[in-house]
2 protein chains.
Amino acid sequence: MSDITTTLKTKGIRPTAMRSLVYQELAKQDTAVALTDIELAFTKADRTTLYRTVKTFEENGIVHQIDDGTGISKYALCEPGCNCEIENDLHLHFHCSNCDKTVCLTEHKIPQISLPDGYVAEDVNLVVKGICSDCSGS
Amino acid sequence: MSDITTTLKTKGIRPTAMRSLVYQELAKQDTAVALTDIELAFTKADRTTLYRTVKTFEENGIVHQIDDGTGISKYALCEPGCNCEIENDLHLHFHCSNCDKTVCLTEHKIPQISLPDGYVAEDVNLVVKGICSDCSGS
DNA sequence: AAGTTAATGCACTTCCATTGCACTATAATT
DNA sequence: AATTATAGTGCAATGGAAGTGCATTAACTT
Ligand SMILES: [Mn+2]
Ligand SMILES: [Mn+2]
Ligand SMILES: [Zn+2]
Ligand SMILES: [Zn+2]
């Protein structure tokens, strides 16, 4: 039984061929990807299937969705040991305005945010926009 | 010459009737609003006009756009003295998962964010999702 | 008032997200 | 192993928000 199959089972979902392939594809990435990116990698598979696969992954803490401000949802595999379906993994995200890539900065946790009285925080989303290290040339 | 007219002229745009009305509508709000909200307030005006009016406001530092993670852009009047078309006004935003309202927490500035080497920050978006003071009942 | 420039309204388009339903594969039961 | 139940997949269609082209109208300049 493959490594990915085990992972999927552990997360409580059926390890279908499609899911294993999508998982593999996501694991290859060093940036967060949009659904259309995944579509391009699987021209034979249906958009809906990929869509639902990613949704399933999200609901089961395999990937997390990133709203990078472009209006297009991005997805990235969760870190090993991440429990973001229960408690949020509050790392920050970076969106490069030059190459349009979005990356997880998993080492950079979001600082504690103070709120006015009466406000209760459930989730925090912090996205920095700018020039990534590949594009700044340093 | 009305107050709003002066404001619009100061910001460098023509003070049309439509713009004054939209400005007035935005000034009434205590939360950030979507374009569809504005549409509902001006059933006689065309969507496109409202769309371009808000865009113009945004380009001229009259309103700022807020990406609250819902996928629907929200807009709010800038604070007096805000220069967000030149330099970002980095206050945080709160989106209530109960009443779906988005508010500017203009007093709560976004803390300095450290980035890995090579990354250059141009803009920061910080959105806290949770229960607002109206909904938490405290 | 005439001429110029900008704003508005209408129609149309694009893009991503999402759903319903039929079909197929997988797993469980007999 | 065959049957039944359950879950996944593919196709088609829909919805919602954002954006564009162009003709018309209003606002400003002279
Ligand atoms: Mn991430
Ligand atoms: Mn704001
Ligand atoms: Zn880049
Ligand atoms: Zn609320």
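Nothing here was measured: the structure is a model prediction, and the numbers come from that model. Chain letters run A, B, ... following the sequence lines, proteins first, then strands; residues in each count from 1.
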B:Arg14 or B:Arg47, whichever maps to the more 5' nucleotide of DNA chain D: B:Arg47
Contact under 4.0 Å: A:Thr16 side-chain N or O vs C:dA25 OP1/OP2: no
Nearest-angstrom distance from the residue atom OH of B:Tyr51 to P of C:dC10: 18 Å
B:Leu50 CG - C:dC10 C1' separation (whole Å): 14 Å
Gap between atoms CE and C1', on B:Met18 and C:dA6 respectively (whole Å): 16 Å
Along DNA chain C (nearest heavy atom to each residue), the more 5'-positioned of B:Ile13 and B:Asp46: B:Ile13
Distance-only donor-acceptor test (3.5 Å): side chain A:Thr36, base C:dC15: no
Touch class at under 4.0 angstrom, heavy-atom based, for A:Pro15 against every strand present: nothing
Euclidean distance, atom CD of residue A:Glu58 to atom C1' of C:dA17 [Å, nearest integer]: 13 Å
Contact under 4.0 Å: A:Thr48 side-chain N or O vs D:dC11 OP1/OP2: no
Closest-nucleotide ordering on DNA chain D, the 5'-leading residue of B:Ile72 and B:Ala17: B:Ile72
Distance-only donor-acceptor test, B:Arg52 side-chain atoms vs C:dG9 base atoms, 3.5 Å: yes
hydrophobic_cluster_shared for B:Val127 and B:Ile110, side chain cutoff 4.5 Å: no
Shared hydrophobic cluster, A:Leu35 / A:Ile72 (ILVMFWY, side-chain heavy atoms < 4.5 Å): no
A:Lys55 side-chain N/O to C:dT18 phosphate OP1/OP2 under 4.0 Å: yes
Short side-chain N/O contact to C:dA7 OP1/OP2 from B:Arg19, under 4.0 Å: yes
Touch class at under 4.0 angstrom, heavy-atom based, for A:Ser73 against every strand present: sugar-phosphate
B:His93 ring center near B:His91 ring center (under 6.0 Å): yes
Distance, rounded to the nearest Å, where A:Leu21 contributes CG and C:dA25 contributes P: 16 Å
Whole-Å gap separating C1' (D:dA7) and NZ (A:Lys9): 15 Å
Atom-pair distance (CD on A:Glu39; C1' on D:dT9), nearest Å: 15 Å
Beyond-backbone contact of B:Asp46 with B:Thr49, side-chain heavy atoms, under 4.5 angstrom: yes
Between D:dC11 (P) and A:Lys44 (NZ): distance, integer Å: 13 Å
Salt bridge flag under 4.0 Å for residues B:Glu39 and B:Arg47: yes
